[in-house]
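Presented below is the structure to which this report refers.
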Amino acid sequence: MSDFMVKAEQVHKSFGRLEVLKGIDLQVSPSEVMCVVGPSGSGKSTFLRCINHLEKIDAGRLYVDGELVGYRQRGDKLHELHEKEVAAQRREIGMVFQRFNLFPHMTAVENIMEAPVQVRRESKAEVRQRAGELLDRVGLADKATAYPGQLSGGQQQRVAIARALAMRPKLMLFDEPTSALDPELVGEVLEVMKQLARDGMTMIVVTHEMGFAREVGDSLVFMDDGIVVESGNPREVLADPKHDRTKAFLSKVL
């Protein structure tokens with residue numbers, strides 16, 4: 001295993017003339033929970049999507065577990081990997097989005113089984129047992145045969161987390177996983193994420209939940225306008241931010 005599970009070196013990303021990431025440098029150690037906060041449009045979600053090559057970076061380097069993401073380096077040139085090779089890298093990285101994106105015509109257990117069976121070609125019997133264990137882990141053992149339309153938003157998001165875990169990822173990315181939920185459902189999803197952290201899963205969490213960042217995060221990164229403005233121990237950054245931009249942002253959300 002590499003010293004860092006994730007390493008970003010001067011990562012740049014533009015959409016047309018709009019430069020969204022302006023040279024991101026950061027490292028995430030194995031089993032670390034990094035929380036990323038900042039205003040809308042600061043580049044947080046784009047950076048997350050670059051980590052598993054859902055968005056291609058324009059400059060810099062991104063490594064997951066010591067391996068260059070999306071590219072192979074020959075000499076001083078980068079060559080983009082074939083889609084099949086990128087897909088193989090993505091299998092190691094679980095991602096949970098704001099919207100649950102469950103297949104509406106499949107039950108909870110079928111949603112969880114789909115990728116390991118179709119992508120990894122694992123046996124249905126083995127995957128079904130794992131899916132049952134994962135549903136139990138996220139507190140939904142009794143909802144295996146329920147369809148997404150029969151589940152609350154919080155329950156759907158917990159199924160989405162179980163679905164990501166079914167691929168046995170080495171890294172989990174969460175893109176504001178509670179922002180689409182009713183306030184009373186947020187806690188049940190955060191509780192599952194806390195347990196994942198206790199189990200040693202490496203996680204990068206884009207979030208507005210400052211309480212979660214303070215309690216669970218090992219590191220906190222504040223992004224604004226495509227750069228990392230401030231980073232450090234979550235409790236220290238939240239209690240005593242050093243930069244004016246961080247202070248202004250936190251004064252509005254704390």
Side-chain angles (χ1 to χ4, degrees), residues 1-2 4-7 28 30-31 48-57 62-73 78-151 155-175 177 189 192-193 195-197 199-205:
M1 185 182 273
S2 163
F4 297 109
M5 183 57 77
V6 179
K7 186 176 185 185
V28 183
S31 299
L48 217 57
R49 292 170 66 85
C50 288
I51 293 173
N52 62 2
H53 208 59
L54 286 173
E55 299 289 356
K56 300 173 186 177
I57 65 175
L62 253 175
Y63 300 89
V64 171
D65 203 12
E67 192 177 330
L68 204 54
V69 174
Y71 298 91
R72 182 178 292 108
Q73 187 157 349
L78 288 183
H79 300 268
E80 191 167 2
L81 297 176
H82 296 298
E83 187 53 43
K84 206 171 183 179
E85 295 170 294
V86 173
Q89 288 186 329
R90 275 197 200 117
R91 289 203 287 266
E92 306 291 326
I93 305 169
M95 187 151 186
V96 178
F97 300 88
Q98 290 181 37
R99 295 284 166 190
F100 329 121
N101 299 331
L102 298 176
F103 295 115
H105 62 290
M106 292 183 181
T107 63
V109 76
E110 288 167 347
N111 264 283
I112 295 167
M113 290 175 62
E114 181 72 1
V117 171
Q118 298 299 331
V119 178
R120 287 202 189 271
R121 303 285 184 223
E122 295 183 52
S123 83
K124 276 192 176 179
E126 189 181 309
V127 174
R128 187 176 292 278
Q129 182 181 343
R130 188 155 86 243
E133 290 166 358
L134 285 168
L135 279 171
D136 187 40
R137 188 172 172 185
V138 299
L140 293 172
D142 58 335
K143 300 292 185 184
T145 58
Y147 288 90
Q150 299 170 310
L151 300 172
Q155 289 171 330
Q156 289 185 62
Q157 192 62 297
R158 285 187 278 157
V159 172
I161 293 172
R163 178 179 60 180
L165 292 173
M167 292 291 281
R168 295 177 170 145
K170 59 174 79 164
L171 168 68
M172 285 284 281
L173 308 175
F174 292 87
D175 189 6
V189 173
V192 170
M193 294 168 65
Q195 189 55 54
L196 278 181
D199 293 343
M201 175 62 76
T202 311
M203 297 157 61
I204 303 179
V205 185

Mind checking what makes salt bridge (charged side-chain N to carboxylate O under 4.0 Å, His left out) contact with [X], not counting sequence neighbours?
X	answer
Asp142	none
Lys7	Glu9
Glu80	Lys56
Glu85	Arg72

When rounded to the nearest 0.5 Å, the distance separating CZ of Phe174 from CD1 of Ile204 is 11.0 Å
Once you round to the nearest 0.5 Å, how far does CG of Leu135 lie from CD1 of Ile112?
3.5 Å
For [X], all residues meeting side-chain hydrogen bond (donor to acceptor under 3.5 Å, both in side chains), sequence neighbours excluded:
X	value
Glu114	none
Gln73	Arg61
Gln98	Ser179

Heavy atoms only: give me the nearest [X]-[Y] pair and the separation to one decimal.
X	Y	result
Leu81	Tyr71	CG-N, 3.7 Å
Met193	Met203	O-CE, 3.6 Å
Ala164	Pro169	O-CD, 3.4 Å
Leu62	Cys50	CD1-O, 3.5 Å
Ala162	Leu134	O-CD1, 3.5 Å
Tyr147	Pro104	CD2-O, 3.7 Å

Who pairs with [X] by side chain to side chain contact (heavy atoms under 4.5 Å, CB included), at least two apart in sequence or on another chain?
X	answer
Pro116	Glu122, Val127, Arg130, Ala166, Met167
Glu133	Gln129
Ala146	Lys143, Gln150, Leu151
Val192	Val138, Arg158, Ile161

Looking at [X] and [Y], would you say the former's side chain and the latter's main chain have a donor-acceptor pair under 3.5 Å?
X	Y	answer
Asn111	Phe103	yes
Ser31	Gly200	yes
Gln157	Pro177	yes
Arg168	Leu165	no

Is any side-chain heavy atom of Thr202 less than 4.5 Å from a side-chain heavy atom of Lys170?
no
Side chain to side chain, Gln155 and Phe100, heavy atoms closer than 4.5 Å:
no
When you look at CZ of Arg99, are more than 12 heavy atoms from neighbouring residues, nucleotides or ligands closer to it than 6.0 Å?
no
Around atom NE2 of His79, are there more than 12 heavy atoms from other residues, nucleotides or ligands closer than 6.0 Å?
yes
Distance-only donor-acceptor pairs under 3.5 Å for side chains of residues 88-96, two or more places apart:
| unit_1 | atom_1 | unit_2 | atom_2 | d |
| --- | --- | --- | --- | --- |
| Gln89 | OE1 | Gly70 | N | 2.9 |
| Gln89 | NE2 | Glu67 | OE2 | 3.1 |
| Gln89 | NE2 | Leu68 | O | 2.8 |
| Arg90 | NE | Asn52 | O | 2.8 |
| Arg90 | NH1 | Glu83 | OE2 | 3.3 |
| Arg90 | NH2 | His53 | O | 2.8 |

